[in-house]
Amino acid sequence: MELARKKKDTAPETAPQNGTVASQGDKGPYIPALSMEDQSKKYDVNTTAEKVHKRDWLIRIIALILLILLLIIGIGYCSVSILNKAGRFTVSLVPNQYGIQLADDESFDSPTLNLSAAPVEDMNNITKEWLLNKNGELGDDPQYADFAGLDQVWGEHNGKNYLAYTFGVRNAGENPEDVVTYRVTLNLEYQYKGADEAVRVMVFRNGKPTVYAKPRTTDGKLESFAADKNFLDEDIVFEDVRSDFEVGETDRYTVVVWLEGEDPECVNAIMGGEAKFSMNFEVIAGSKAQVG
């Protein structure tokens, strides 16, 4: 008995394994307290995890911002493309109940509320007389005996360096009492690099032409060459009211746009510029009779 007790008492202590269990006592195995070095490593691990978590969130936020910016840029690009493809001259009529309609063919086979002319790309400056192309100044462009000839070709008849578009407004009401008054406004919708300073807009209404120009930048007066009237203001070329527009009548309009080379403001600085115009019609008075 004594020998056995002695042997038990003198049994060697279990050696620590892997630096984790120090001894086997009455209360079982235990884990010793971490040293200062071990504690600093534990906090390093926690801090690093927090940094990784924050970094991941930051990357996600930046990626989301970049995606939103790309979407905005994409939408903007598509919008610009649509505008350019729509043409630099448009005609629109506010819907009405009086039978007033638009068409760019004399027979009005396809009446509508909206018209558009194709843009003229890379327009070079010319001078008013060159529109007639009598001496071949504009190459194989159409030739006209006089300016009235520009008003006789319906639809789009652009030259290489000018825009020309002829269309009509018709009162197609069925009731003879549907006499109306409409307002017509020609607007400068957009300009780039000051192209509007040298532009000329010639408008024929029922054969009578008027040339509009931006006023001189020096004194605000009328340009001395190829201009009958100034623009009404910065964004409106002209505005007019047509009264007593009777059933069966058609008003013919031709709009011609070019860069006037004789204008002192037609300089190299406007190269690559652009101008977009629209013509808008609205009935402002008339009977209440519906079109049959």
Side-chain angles (χ1 to χ4, degrees), residues 80 83-91 116-144 146-151 153 156-166 184-205 208-240 253-280:
V80 171
L83 283 174
N84 285 338
K85 291 178 181 178
R88 295 195 180 95
F89 180 66
T90 57
V91 185
S116 64
V120 178
E121 302 291 348
D122 301 323
M123 181 186 289
N124 290 321
N125 66 85
I126 60 175
T127 191
K128 180 182 176 181
E129 293 298 325
W130 288 14
L131 294 170
L132 304 179
N133 198 26
K134 286 184 176 181
N135 299 313
E137 297 93 343
L138 301 181
D140 57 0
D141 276 4
Q143 292 184 333
Y144 300 99
D146 50 34
F147 289 104
L150 284 164
D151 184 43
V153 183
E156 177 187 309
H157 47 107
N158 297 343
K160 291 180 180 178
N161 293 297
Y162 65 87
L163 181 149
Y165 192 66
T166 300
V184 53
T185 308
L186 181 57
N187 297 310
L188 171 63
E189 296 289 347
Y190 168 77
Q191 70 82 22
Y192 176 58
K193 297 186 69 174
D196 57 322
E197 297 294 340
V199 80
R200 294 292 187 273
V201 183
M202 180 161 52
V203 180
F204 294 80
R205 187 169 78 175
K208 181 181 178 181
T210 304
V211 179
Y212 298 88
K214 272 289 187 74
R216 295 189 305 220
T217 56
T218 53
D219 54 16
K221 295 182 179 180
L222 185 66
E223 289 288 356
S224 58
F225 189 85
D228 300 315
K229 292 184 178 180
N230 282 340
F231 282 17
L232 193 60
D233 62 26
E234 283 294 313
D235 301 318
I236 300 178
V237 178
F238 83 89
E239 184 176 87
D240 197 13
Y253 289 87
T254 295
V255 177
V256 184
V257 181
W258 74 97
L259 286 175
E260 179 51 60
E262 296 292 338
D263 191 320
E265 282 136 7
C266 189
V267 294
N268 289 339
I270 68 171
M271 289 180 64
E274 185 176 353
K276 184 179 186 297
F277 296 87
S278 71
M279 203 164 183
N280 306 289

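Only a predicted model underlies this, so the values are computations on that prediction, with no experimental measurement involved. These numbers come from the heavy atoms of this one structure, side chains and all, not from hydrogens, waters or symmetry mates.
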(request) Under the side-chain contact (heavy atoms from CB on, under 4.5 Å) rule, what do V203 and M279 come out as? Steps first, then yes or no, please. (result) CA-CA 11 Å; V203 180; M279 203 164 183; 4.3 Å; yes
(request) Show your reasoning for whether side-chain hydrogen bond (donor to acceptor under 3.5 Å, both in side chains) applies to E260 and T127. (result) CA-CA 5 Å; E260 179 51 60; T127 191; 2.9 Å; yes
(request) Let me see the working for L138 and I126 under side-chain contact (heavy atoms from CB on, under 4.5 Å), right down to the final yes or no. (result) CA-CA 9 Å; L138 301 181; I126 60 175; 3.8 Å; yes
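No side-chain heavy atom of F238 sits under 4.5 Å from any side-chain heavy atom of L232. You'll find the side chain of D151 stays beyond 4.5 Å of the side chain of Y253, heavy atoms only. In this structure, L150 and L131 have side chains that are in contact, with non-hydrogen atoms separated by less than 4.5 Å. Side chains of Y162 and N124 form no contact here, defined as non-hydrogen atoms less than 4.5 Å apart. Considering only heavy atoms from C-beta on, F277 comes within 4.5 Å of V257 through its side chain. Between M202 and Y212, every side-chain heavy-atom pair lies at or beyond the 4.5 Å cut-off. Here the side chains of V255 and V201 are in contact, with some heavy-atom distance below 4.5 Å. Between R205 and D240 the shortest side-chain heavy-atom distance falls below 4.5 Å.
Checked by atom type and distance alone, the side chain of Q191 never pairs as donor or acceptor with a backbone atom of E274 at under 3.5 Å. Between the side chain of N158 and the backbone N or O of A118 there is at least one donor-acceptor pair closer than 3.5 Å. In this structure a side-chain-to-backbone donor-acceptor pair under 3.5 Å is missing from S116 to T90. Under a 3.5 Å cut-off, the side chain of D146 and the backbone N or O of A148 do form a donor-acceptor pair. Here the side chain of R200 pairs no donor or acceptor atom with the backbone of D263 at under 3.5 angstrom. Looking only at distances, no side-chain donor or acceptor of E189 sits under 3.5 Å from a matching main-chain atom of S278. At least one donor-acceptor pair under 3.5 Å links the side chain of E265 to the backbone N or O of T217.
Listed here is the closest heavy atom pair of N161 and D122: OD1-O, 3.9 Å. When all heavy atoms are compared, the tightest approach of C266 to G261 is SG-CA, 4.1 Å. Summarising the geometry of E223 relative to A213, their closest heavy-atom pair is CG-CB, 4.2 Å, with the distance given to 0.1 Å. E197 and P215 get closest at one heavy-atom pair: OE1-O, 4.2 Å. Nearest heavy atoms, V211 versus A226: CG1-O, 3.1 Å. Across W258 and M123, no two heavy atoms sit closer than the pair CA-SD, 4.0 Å.
Among pairs with a residue in residues 224-238, those fulfilling side-chain hydrogen bond (donor to acceptor under 3.5 Å, both in side chains) read K214-E234, at least two apart in sequence or across chains.
Qualifying salt bridge (Lys or Arg N to Asp or Glu O under 4.0 Å) partners for K134, counting only residues two or more places apart in sequence or in other chains: none. Under the ring pair (Phe, Tyr, Trp, His ring centres under 6.0 Å) criterion, F231 pairs with no residue at all, not counting sequence neighbours.
Interatomic distance, NZ of K221 versus CG of D219, reported as 5.5 Å (0.5 Å rounding). Atom CD in Q143 sits 5.0 Å away from atom CG in N133 (nearest 0.5 Å).
Taking the ring centre of Y192 as origin, the terminal cationic atom of K276 falls outside the region bounded by 6.0 Å and 45° from the ring axis.
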